[in-house]
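Below: the structure, in C-alpha cells.
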Amino acid sequence: MRIRALVPADVERLAQIDSTFSSESILIVEKTGAGLEVGWRLVERALEVPFAKGRAYDLSTEDLARSRQLWAAGPQEALQLVAEDRGRLVGLLEVERQQWNNTGWIWNLIVDRAYRRQGLGRQFVHRAVEWGRKLGLRALILETQSNNIHACRFYRAMGFHLCGINDHYYTNEDLERDEVAIFWVYELQ
Ligand SMILES: CC(C)(COP(=O)(O)OP(=O)(O)OC[C@H]1O[C@@H](n2cnc3c(N)ncnc32)[C@H](O)[C@@H]1OP(=O)(O)O)[C@@H](O)C(=O)NCCC(=O)NCCS
C-alpha cells in the first residue's frame, strides 16, 4: 500500500473507497439554558442497536467537483492524498487552505473499512500537519457528526480538540435526530 498525491484520474475512482461505518455508541448533545446563557454538553450513550451510516458518507457529485477544483488550485491551496493498494483506492485526505483565517479545512479523511486500525488515518493526519506547518497555517479544522464515535475517538487520539457544536448544521432537527455537527481543531502554532 502506498500514499501518493491525488491526480485527476483518481477522482472518478474515489467511490471505490468503502466509507461506511457503524457506531455502538454516540455522543448525545444536551442543550441547557436560555437566551444568551446556553450550554451544550456531550454525553456518550451506548446504543442497543448500532447506528449504521450506510452509504450516506459516499462522495457526492459536488464533492467530486470540489476535488477537481482543489487539484486545479495547486499544492499551495490544497493537500490531496490517496492511499492505493494493488490498484484500488483505499484512502483519501483532502485539506483546503482557508486564506481568510489562515487555517486548513479538512474536507475528507476516509480510510476504507477493510483498512482501518492499521495506521493509515494517522499517516494522513501527520501529512496534513506537515503541510499546514510548511504553509504557516495556525490550525487544522474539521467537522464530524456526533454519531460517528469512532472518528471522534480517532481525532482525540490524534491530538485534535473539540472547539464547537452547531445544532442546526444539517437540518432544523439535528438535536432530535441525534446527529449534530461537532467541530475539531488541531493547533499548529
Ligand atoms: C476515522 C478513520 C479515518 C480512522 O482511520 P484509521 O486508519 O482506522 O486510523 P488509525 O489506524 O491511524 O488510528 C490511529 C489511532 O486513532 C485511534 N482510533 C482509530 N480508530 C479508532 C476507533 N474505532 N476506536 C477507538 N480509537 C480509534 C486509536 O488510538 C488509533 O491508534 P491504535 O490503533 O494504535 O490504537 C476511519 O475509521 C474512517 O475512515 N472512518 C469512516 C470515515 C470517517 O468517519 N471519516 C472521518 C469523517 S470526519
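Every number for a ligand or one of its atoms is a count from 1 in the order of the listing.
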Suppose I only count heavy atoms of [X] and a 4.0 Å limit; which atoms of ligand 1 are within that range?
| X | result |
| --- | --- |
| A157 | 16 (O), 17 (C), 29 (O) |
| E143 | 48 (S) |
| G119 | 10 (P), 11 (O), 12 (O) |
| T144 | 48 (S) |
| I110 | 39 (O) |
| N148 | 43 (C), 44 (O) |
| R153 | 24 (N), 25 (C), 26 (N) |

Quick test of your reading of the structure: of H150, E24, R116, whose heavy atom lies closest to atom 41 (C) of ligand 1? R116

Backbone or side-chain N or O of [X] under 3.5 Å from ligand 1 N or O:
| X | result |
| --- | --- |
| G121 | yes |
| Q118 | yes |
| R117 | yes |
| R122 | yes |

Classify the contact between [X] and ligand 1 as side chain, backbone, both or neither, using a heavy-atom distance cut-off of under 4.0 Å.
| X | result |
| --- | --- |
| W184 | neither |
| M158 | side chain |
| L109 | both |

Using modelled atom types only, decide if a donor and an acceptor are shared between the side chain of D112 and the backbone of D18 within a distance under 3.5 Å. yes

Quick check: does any side chain N or O of R41 sit under 3.5 Å from a backbone N or O of K31, one acting as donor and the other as acceptor? no

Can V82 and I3 be said to form a side-chain contact (heavy atoms from CB on, under 4.5 Å), step by step? CA-CA 6 Å; V82 289; I3 293 180; over 6 Å; no

When rounded to the nearest 0.5 angstrom, what is the spacing between CG in L70 and CD in Q80? 5.0 Å

How long is the straight-line distance from CD1 of I110 back to CG of L89, given to the nearest 0.5 Å? 11.5 Å

Do the charged groups of R13 and D10 touch, with an N to O distance under 4.0 Å? yes

Mutual orientation of the aromatic rings belonging to Y155 and F160 [parallel < 30°, tilted 30-60°, perpendicular > 60°]: perpendicular

Only counting residues at least two apart or in another chain, list the ones meeting ring-ring contact (aromatic ring centres under 6.0 Å, His included) with Y170. none

So side-chain hydrogen bond (donor to acceptor under 3.5 Å, both in side chains) across residues 176-189, not counting sequence neighbours, yields K53-E179, N147-E179, D174-R177, R177-E179

Take every heavy atom of F124, measure it against each atom of ligand 1, and state whether any distance is under 4.0 Å. no

Grab the two heavy atoms, one from F21 and one from R116, that are nearest each other, plus how far apart they are. CB-NH1, 3.8 Å

